[in-house]
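Here's the structure, in structure tokens; my notes come after.
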Amino acid sequence: MAATIIDGKAIAARVRAEVAARAAGLRARGVAPGLAVVLVGDDPASAVYVRSKSKAAREAGVEVFDHKLPATTSQRELLDLVQRLNEDVAVDGILVQMPLPRHLDADAVVAAIRPDKDADGLHPENLGRLAQGKPRFVACTPKGCMRLLAEAGVTVAGARAVVLGRSMLVGKPMALLLANADATVTLCHSKTRELQGHVAAADIVIAAIGRPEMVAGSWIKPGAAVIDVGINRLADGRLVGDVAYAEAAARAGAITPVPGGVGPMTIAMLLDNTCDAAELRAARAQ
Ligand code: NDP
């Protein structure tokens, strides 16, 4: 039987509509949710990401404070800006677009963001809370993957889940979220032996490695749920995921396409986190 296609675009649109309703409610209470978006340098891909995040935020009724800094910005100048945003009551969420120019220390910048304004969920305190099973702000892409699983009706508790990739941005928080939701999790990476065997045993496969179509369809356990985080551009211009989609869709129970799967959820979850932060502010003000 052909897999259910998990339509990330449609689910993200629903999340954005939920955010818009929450933002309207907050505005009615005098708390306009605000997101500061910091872009350092001229990386064209980062500029595209920042534009789409800002546009989606404005459409959802989230105030956007854009800060475009030159590539020559020093660590001190960037940290000073983060400090000002930390203190600015109109700013609920702070997003510093990665990657930063190489002379800047990204870890130090993320650590300087107030944990309760960490819309990207990458601050060590928020990662620690996630590891404790008491999450507050969760990294946007893995949070989006969990929502996709839920919307697709996938049972996570008790399932065998395999996460391919162990980055701080995707793989590690993903593994923690699945473990917190009572899955039995295997976290694979470039040194993993017999990757295929791990994938073949899994009821849930999350692929976040950045290797075009590396996961063959024949590896997928029949009926498994497959969430493909990878975004890879081929020489002919096509965008593909980390999973060989057509073959995998013939065996999986449910699968996300690339594009139109995880990608739209990442932005939607940034807005969701920003609204969470604004709701914390509103609760504090009461
Ligand atoms: P990283 O490059 O930071 O991490 C890649 C991970 O994959 C590493 O843990 C690496 O292992 C592992 N890996 C690499 N090659 C192999 C292999 N042959 N077998 C097993 N594991 C391997 O990438 P990110 O986590 O940032 O992103 C992963 C992918 O997801 C990329 O395609 C990226 O574009 C995409 N992405 C998509 C998003 C979206 O919104 N849809 C958001 C973020 C990322 P090791 O640790 O040993 O090096």
Side-chain angles (χ1 to χ4, degrees), residues 6-13 15-16 37 43-46 48-53 55-57 95-100 102 106-107 110 119-122 127 130 138-149 161-178 185-202 205-216 219-220 226-235 237-245 255-273:
I6 306 175
D7 184 347
K9 245 171 132 172
I11 297 167
V15 174
R16 293 210 308 269
V37 180
D43 177 48
S46 294
V48 171
Y49 288 137
V50 159
R51 263 202 305 279
S52 38
K53 288 171 185 175
K55 182 167 171 278
L95 160 76
V96 179
Q97 182 63 41
M98 300 293 165
L100 290 172
R102 287 164 64 141
D107 288 346
V110 170
D120 252 348
L122 299 174
L127 290 166
L130 178 62
V138 174
C140 300
T141 302
K143 187 177 179 185
C145 293
M146 291 303 285
R147 177 75 184 254
L148 290 175
L149 289 170
V162 67
V163 178
L164 309 180
R166 58 176 164 181
S167 71
M168 292 311 296
L169 190 63
V170 189
K172 279 186 187 148
M174 188 73 235
L176 289 168
L177 281 168
L178 287 163
V185 183
T186 304
L187 180 56
C188 299
H189 45 77
S190 67
K191 310 290 187 297
T192 299
R193 272 182 256 141
E194 293 163 21
L195 194 67
Q196 177 176 349
H198 290 291
V199 173
V205 179
I206 313 282
I209 49 182
R211 299 270 181 271
E213 300 181 327
M214 204 194 91
V215 178
W219 296 10
I220 303 296
V226 180
I227 306 289
D228 191 351
V229 182
I231 303 178
N232 309 287
R233 191 166 295 278
L234 300 181
R238 270 188 313 132
L239 271 189
V240 297
D242 291 342
V243 178
Y245 178 79
I255 188 166
T256 56
V258 176
V262 176
M265 293 302 285
T266 297
I267 294 183
M269 288 302 153
L270 171 71
L271 306 182
D272 193 55
N273 280 348

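No hydrogens, no waters, no symmetry mates; every other heavy atom, side chains included, goes into these values. Computed from a predicted structure; not experimentally measured. Atoms within each ligand, like the ligands themselves, are counted from 1 in listed order.
In this structure, Thr192 falls outside the shell of residues with a heavy atom less than 4.0 angstrom from ligand 1. Remark: distances from the non-hydrogen atoms of Val229 to ligand 1 include one below 4.0 Å. Ligand 1 has Ala208 within reach: a non-hydrogen atom of the residue lies less than 4.0 Å from it. The closest approach between a heavy atom of Cys188 and any atom of ligand 1 is not below 4.0 Å. Put simply, part of Met214 is less than 4.0 Å from ligand 1, judged by heavy atoms.
With hydrogens left out, the protein atom closest to atom 44 (C) of ligand 1 is Val170 CG2, 4.0 Å, a heavy atom. Here the protein heavy atom with the shortest distance to atom 46 (O) of ligand 1 is Arg166 NE, 2.7 Å. Shortest contact from atom 12 (C) of ligand 1 to any protein heavy atom: Ile209 CG2, 3.8 Å. Of the protein's heavy atoms, Ser167 CB, 4.1 Å lies nearest to atom 1 (P) of ligand 1. Taking atom 6 (C) of ligand 1 as the reference point, the nearest protein heavy-atom neighbour is Gly165 CA, 3.6 Å. Nearest non-hydrogen protein atom to atom 42 (C) of ligand 1 is Thr141 OG1, 3.3 Å. Annotation: atom 47 (O) of ligand 1 to nearest protein heavy atom, Ser190 OG, 2.5 Å. With hydrogens left out, the protein atom closest to atom 20 (C) of ligand 1 is His189 O, 3.1 Å, a heavy atom.
In this structure, the separation between CE on Met174 and CG on Leu169 is 12.5 Å, given to the nearest 0.5 Å. In this structure, the separation between OG1 on Thr266 and CG on Asp120 is 9.5 Å, given to the nearest 0.5 Å. Put simply, OG1 on Thr141 and CD1 on Ile206 are 11.5 Å apart, with the number rounded to the nearest 0.5 Å. Put simply, NE2 on His189 and NZ on Lys172 are 9.0 Å apart, with the number rounded to the nearest 0.5 Å. How far CE of Met168 is from CG of Leu127: 4.5 Å, rounded to the nearest 0.5 Å.
Of the polar atoms of Ile231, at least one N or O is found under 3.5 Å from an N or O of ligand 1, judged by distance alone. The distance criterion of under 3.5 Å between nitrogen or oxygen atoms is not met by Asp242 with respect to ligand 1.
The closest donor-acceptor contact from the side chain of Asp242 to the backbone of Arg211 lies under 3.5 Å. Side-chain atoms of Thr256 never come within 3.5 Å of backbone atoms of Ile6 as a donor-acceptor pair (strictly under, hydrogens ignored). Put simply, the side chain of Thr192 never gets that close to the backbone of Leu195: no donor and acceptor are under 3.5 Å apart. Under the 3.5 Å distance criterion, the side-chain polar atoms of Asn273 are matched with a main-chain donor or acceptor of Val138.
In the vicinity of Leu169, heavy-atom distances shorter than 4.0 Å reach the ligand 1 atoms 26 (O), 43 (C). Interface of Arg211 with ligand 1, defined as ligand atoms under 4.0 Å from a residue heavy atom, comprises 14 (C), 15 (N). The ligand atoms of ligand 1 that sit less than 4.0 angstrom from a heavy atom of Gly263 are 40 (O), 41 (N). Annotation for ligand 1: atoms under 4.0 Å from non-hydrogen atoms of Thr266 are 39 (C), 40 (O).
In this structure, the side chains of Arg166 and Lys191 come closer than 4.5 Å at one or more pairs of heavy atoms.
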**Message:** Please determine whether side-chain contact (heavy atoms from CB on, under 4.5 Å) holds for the pair Val199 and Ile220, giving the CA-CA distance in whole Å, both sets of side-chain angles, and the decisive distance to 0.1 Å.
**Reply:** CA-CA 6 Å; Val199 173; Ile220 303 296; 4.1 Å; yes

**Request:** Please assess Gln97 against Val37 for the test side-chain contact (heavy atoms from CB on, under 4.5 Å), listing each intermediate value before the final yes or no.
**Result:** CA-CA 7 Å; Gln97 182 63 41; Val37 180; 5.7 Å; no

